[in-house]
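The figures here come from the full heavy-atom set of this structure, side chains too, leaving out hydrogens, waters and symmetry mates.
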Amino acid sequence: MKVGFLGLGVMGAPMALNLVRAGTELVAWNRTAAKARPLRAAGAQVATTPAEVFGQAEIVLMMLADEGATDAALGRGTPEFARLAGGHTIVHMGTTSPGYSRRLAADVGTAGGDYVEAPVSGSRKPAEAGELVGMLAGDEAAVARVRPLLAPICAETVVCGQVPDALTMKLAVNLYLITMVTGLAEATHFAQRHGLDLERFRSVLDAGPMASPVSKVKVHKLVTNDFTVQASITNVLENNRLIAEAAHNSGVAAPLLDICHALYGETLAMGHGEQDMAAVVRAIEARTEG
């Protein structure tokens with residue numbers, strides 16, 4: 001069965017490559033065609049339009065940047081949407097607001113299609129290694145069709161119930177990630193400003209009970225000042241906004257997230273938007289110096 005894939009960005013490109021390398025017959029599209037070259041070299045078919053993907057694949061995975069990019073690829077709000085969605089299973093893997101996903105699911109259903117939420121937890125390195133964690137929500141039969149396709153992408157998949165519970169789960173997981181990495185950046189800054197040997201600091205963290213694959217990667221970045229992107233400041237700030245919006249809409253307090261929101265906004269304003277989220281330490285440094 002041929003599978004479609006829309007969106008070959010920082011996460012989408014390695015995800016699509018893992019599908020092809022596992023033997024999935026893939027037809028893919030990306031708005032910037034040059035980013036599809038490695039996928040074509042790996043054996044995938046590269047389409048020139050999303051409609052071409054839908055014309056060949058019944059199940060279409062989407063790893064697009066945001067709600068606007070998703071609507072544009074689907075032709076949502078135009079007559080083309082019904083032609084693309086009807087008779088297809090649309091798998092929304094990007095991170096958007098739960099409310100947007102609920103409305104999109106209703107529109108796909110009205111058009112005669114099936115809809116599955118399948119956001120993933122993890123950044124670029126886990127995406128490259130096929131070690132993401134997938135969260136799925138939607139009609140039970142549609143989820144059952146989609147879940148086996150994600151094996152080359154995800155080390156684990158968890159069925160979360162009905163739309164939008166998978167995206168809400170993703171936001172909850174990301175709230176922990178954002179506050180954890182920000183706390184690690186602040187701790188590293190604290191250690192540095194007190195004259196501690198940062199390699200020893202890293203050794204203590206890596207050997208202790210709080211160590212995790214994420215902490216080990218991020219503390220290395222902080223100690224070496226290597227902010228090569230895995231999850232960018234811009235992307236994390238958008239995730240922070242989505243979580244804050246969901247918290248506000250449901251009347252849930254999120255005080256740590258509010259502080260992080262300000263810090264990532266300050267980091268973006270300093271020009272570090274395309275650096276890794278660990279670069280939030282720049283905003284903390286600026287507060288010390290200011």
Q: Decide if atom NZ of Lys125 counts as having more than 12 heavy atoms of other residues, nucleotides or ligands within a radius under 6.0 Å.
A: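 Open: at most 12 neighbouring heavy atoms sit under 6.0 Å from NZ of Lys125.
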Q: Just wondering, more than 12 heavy atoms not from Arg193 lying within 6.0 Å of its CZ?
A: yes
Q: Return the CG to CG distance between Leu263 and Leu237, rounded to the nearest 0.5 Å.
A: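 One finds 10.5 Å between CG of Leu263 and CG of Leu237.
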Q: Before you tell me yes or no, could you show the steps for Ser97 and Glu67 under side chain to side chain donor-acceptor pair (under 3.5 Å), namely the whole-Å CA-CA distance, both residues' side-chain angles and the distance that decides it to 0.1 Å?
A: CA-CA 8 Å; Ser97 73; Glu67 296 170 9; 3.2 Å; yes
Q: Report the distance from atom OG1 of Thr288 to atom CD of Gln192, rounding to the nearest 0.5 Å.
A: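 One finds 10.0 Å between OG1 of Thr288 and CD of Gln192.
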Q: Any link between Val120 and Leu104 through a network of hydrophobic side chains (Ile, Leu, Val, Met, Phe, Trp, Tyr) touching at under 4.5 Å?
A: no
Q: Would you say the side-chain atoms of Arg147 and Thr157 include a donor-acceptor pair closer than 3.5 Å?
A: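 Judged by distance alone, the side chains do pair up.
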Q: Could you tell me whether the side chain of Asp165 and the main chain of Gly161 form a donor-acceptor pair under 3.5 Å?
A: no
Q: Count the heavy atoms of every other residue, nucleotide or ligand shown that sit under 6.0 Å from CD of Glu186, and state whether that count exceeds 12.
A: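 Not buried by this count: 12 neighbours or fewer within 6.0 Å.
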Q: Please examine the side chains of Ile284 and Phe190, heavy atoms only from C-beta on, and report whether any two atoms are closer than 4.5 Å.
A: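 Not in contact.
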Q: Do you know the tightest heavy-atom contact between Ala278 and Lys221?
A: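 Scanning both residues completely, I find the closest heavy atoms to be CB-CB, 4.4 Å.
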Q: In terms of heavy-atom contacts, does CE of Met62 have more than 12 from other residues, nucleotides or ligands at under 6.0 Å?
A: yes
Q: Quick one: pull up CG in Leu177 and NZ in Lys218 and give me the separation to the nearest 0.5 Å.
A: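 Output value for this atom pair is 7.5 Å.
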Q: Would you mind reporting whether Asp206 and Val219 have side-chain heavy atoms less than 4.5 Å apart?
A: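 The answer is yes, as the side chains (C-beta and beyond) meet within the 4.5 Å cut-off.
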Q: Is any side-chain heavy atom of Leu222 closer than 4.5 Å to one of Leu198?
A: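 In short, these two side chains do not touch, never coming nearer than 4.5 Å.
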Q: Please name the pair of heavy atoms, one in Ala185 and one in Val280, separated by the smallest distance, quoted to 0.1 Å.
A: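 Taking every non-hydrogen atom into account, CB-CG1, 3.7 Å.
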Q: Is the shortest side-chain heavy-atom distance between Val133 and Cys154 below 4.5 Å?
A: no
Q: Which atom pair, heavy atoms only, marks the closest approach of Ala57 to Gly4?
A: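 For Ala57 versus Gly4, the nearest heavy atoms are CB-N, 3.3 Å.
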Q: Can you confirm whether or not the ring centre of His272 sits under 6.0 Å from the ring centre of Phe227?
A: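 Centroid distance His272-Phe227: not below 6.0 Å, so no.
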Q: CG/Leu39 to CG/Leu19 distance, rounded to the nearest 0.5 angstrom?
A: 9.0 Å
Q: Check whether any side-chain heavy atom of His88 lies under 4.5 Å from a side-chain heavy atom of Phe54, and answer yes or no.
A: yes
Q: Begin from the C-alpha positions of Val163 and Val116 and carry the test side chain to side chain contact (heavy atoms under 4.5 Å, CB included) through to its verdict.
A: CA-CA 8 Å; Val163 174; Val116 174; over 6 Å; no
Q: Heavy-atom distance under 4.5 Å between the side chains of Glu274 and Ile233, does that happen here?
A: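 A side-chain contact under 4.5 Å is absent here.
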Q: Say you draw a straight line from CD1 of Ile90 to CD1 of Ile59; how long is it, rounded to the nearest 0.5 Å?
A: 11.5 Å
Q: Let me check something: do Phe201 and Met210 share a hydrophobic cluster, defined by ILVMFWY side-chain heavy atoms less than 4.5 Å apart, either directly or through other members?
A: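 Yes, because Phe201 and Met210 connect within a single hydrophobic cluster, where side-chain heavy atoms sit under 4.5 Å apart.
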Q: I need the minimum non-hydrogen distance between Val53 and Val27, along with the two atoms involved.
A: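 Residues Val53 and Val27, closest heavy atoms: CG1-O, 3.8 Å.
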Q: Is the shortest distance from a Lys or Arg side-chain nitrogen in Glu80 or Arg83 to a carboxylate oxygen in the other one below 4.0 Å?
A: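 Result for this pair is no, no salt bridge flagged.
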Q: Is the closest side-chain donor-acceptor distance between Gln45 and Lys2 under 3.5 Å?
A: yes
Q: Counting only heavy atoms from other residues, nucleotides and ligands, does the tally under 6.0 Å from CZ of Arg31 exceed 12?
A: no
Q: Do Met63 and Leu242 land in one hydrophobic cluster if side-chain heavy atoms of ILVMFWY residues count as linked below 4.5 Å?
A: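 Met63 does not cluster with Leu242.
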Q: Could I get the full list of side chain to side chain donor-acceptor pair (under 3.5 Å) partners for Lys170, not counting sequence neighbours?
A: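 Applying side chain to side chain donor-acceptor pair (under 3.5 Å) to Lys170 gives Thr95.
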Q: Do the side chain of His261 and the main chain of Leu257 share a donor and acceptor less than 3.5 angstrom apart?
A: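 Answer holds: no.
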Q: Using modelled atom types and a 3.5 Å cut-off, is there a donor and acceptor pairing between side-chain atoms of Thr24 and backbone atoms of Val20?
A: no
Q: Which residues pass the salt bridge (Lys or Arg N to Asp or Glu O under 4.0 Å) test with Glu238, not counting sequence neighbours?
A: Arg241
Q: Would you check if there is a donor-acceptor pair between the side chains of Asn235 and Tyr264 at a distance under 3.5 Å?
A: no
Q: Between His92 and Tyr115, what is the ring plane arrangement, given parallel below 30°, perpendicular above 60°, and tilted in between?
A: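 Taking Tyr115 first and then His92, their aromatic rings sit tilted (interplane angle of 30° to 60°).
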Q: Test side chain to side chain contact (heavy atoms under 4.5 Å, CB included) on Thr70 and Asp66 and set out the steps.
A: CA-CA 6 Å; Thr70 302; Asp66 52 32; 5.9 Å; no
Q: Go through Met11 and Met93 one step at a time and tell me if the side chain to side chain contact (heavy atoms under 4.5 Å, CB included) criterion holds.
A: CA-CA 10 Å; Met11 294 289 289; Met93 304 191 73; over 6 Å; no
Q: Does any N or O in the side chain of Asp276 come within less than 3.5 Å of the main-chain N or O of Gln230, such that one atom is a donor and the other an acceptor?
A: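 A pair under 3.5 Å: yes.
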Q: Say whether, by atom type as modelled, one donor and one acceptor occur between the side chain of Thr234 and the main chain of Gly273 under 3.5 angstrom.
A: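 It does hold such a pair.
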Q: When hydrophobic residues are tied together by side-chain contacts of less than 4.5 Å, even through go-betweens, does Val214 share a cluster with Leu184?
A: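 No; tracing contacts between hydrophobic side chains, which count when under 4.5 Å, never links both residues.
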Q: Does any donor atom in the side chain of Glu58 or Thr89 lie under 3.5 Å from an acceptor atom in the other side chain?
A: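 Side-chain D/A pair, Glu58 to Thr89: absent.
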Q: Regarding Ser101 and Glu117, is there a side-chain donor-to-acceptor distance under 3.5 Å anywhere?
A: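 Yes, Glu117 and Ser101 have a side-chain donor paired with an acceptor closer than 3.5 Å.
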Q: Check whether any side-chain heavy atom of Glu128 sits under 4.5 Å from a side-chain heavy atom of Asn18, and report yes or no.
A: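 Of all side-chain heavy-atom pairs linking Asn18 with Glu128, none is under 4.5 Å.
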Q: Is Arg287 paired with Glu266 through a side-chain N to carboxylate O contact shorter than 4.0 Å?
A: yes
Q: Which heavy atom of Leu8 sits nearest a heavy atom of Asn30, and at what distance?
A: N-OD1, 2.7 Å
Q: Honestly curious: do Ile153 and Val3 fall in one hydrophobic cluster under the side-chain, below-4.5 Å linking rule?
A: yes
Q: Given 3.5 Å as the limit, does a donor-acceptor pair link the side chain of Glu52 with the main chain of Thr48, or not?
A: yes
Q: When you compare the side chain of Arg200 with that of Val204, does any pair of heavy atoms fall below 4.5 Å?
A: no
Q: When rounded to the nearest 0.5 angstrom, what is the spacing between CG in Asn174 and OG in Ser121?
A: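 Here the interatomic distance stands at 6.5 Å.
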Q: Step by step, would you call Ser232 with Gln275 a side chain to side chain contact (heavy atoms under 4.5 Å, CB included)?
A: CA-CA 5 Å; Ser232 72; Gln275 292 187 329; over 6 Å; no
Q: Any sub-3.5 Å donor-acceptor pair from Arg124's side-chain atoms to Val229's backbone N or O?
A: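 A pair under 3.5 Å: yes.
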Q: When you look at CD of Glu156, are more than 12 heavy atoms from neighbouring residues, nucleotides or ligands closer to it than 6.0 Å?
A: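 Atom CD in Glu156 is not packed in, count stays at 12 or less.
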Q: What's the shortest heavy-atom distance between Ala142 and Asp114, and which atoms?
A: CB-CB, 4.1 Å
Q: Not counting sequence neighbours, which residues clear side chain to side chain contact (heavy atoms under 4.5 Å, CB included) with Glu140? List them please.
A: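 For Glu140 there are no side chain to side chain contact (heavy atoms under 4.5 Å, CB included) partners, ignoring immediate neighbours.
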Q: Ser212 side chain to Ser215 main-chain N or O, any donor-acceptor pair under 3.5 Å?
A: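 Such a contact is found between Ser212 side chain and Ser215 backbone.
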Q: With no hydrogens and no angle check, do the side chains of Asp226 and Thr224 hold a donor and an acceptor under 3.5 Å apart?
A: no
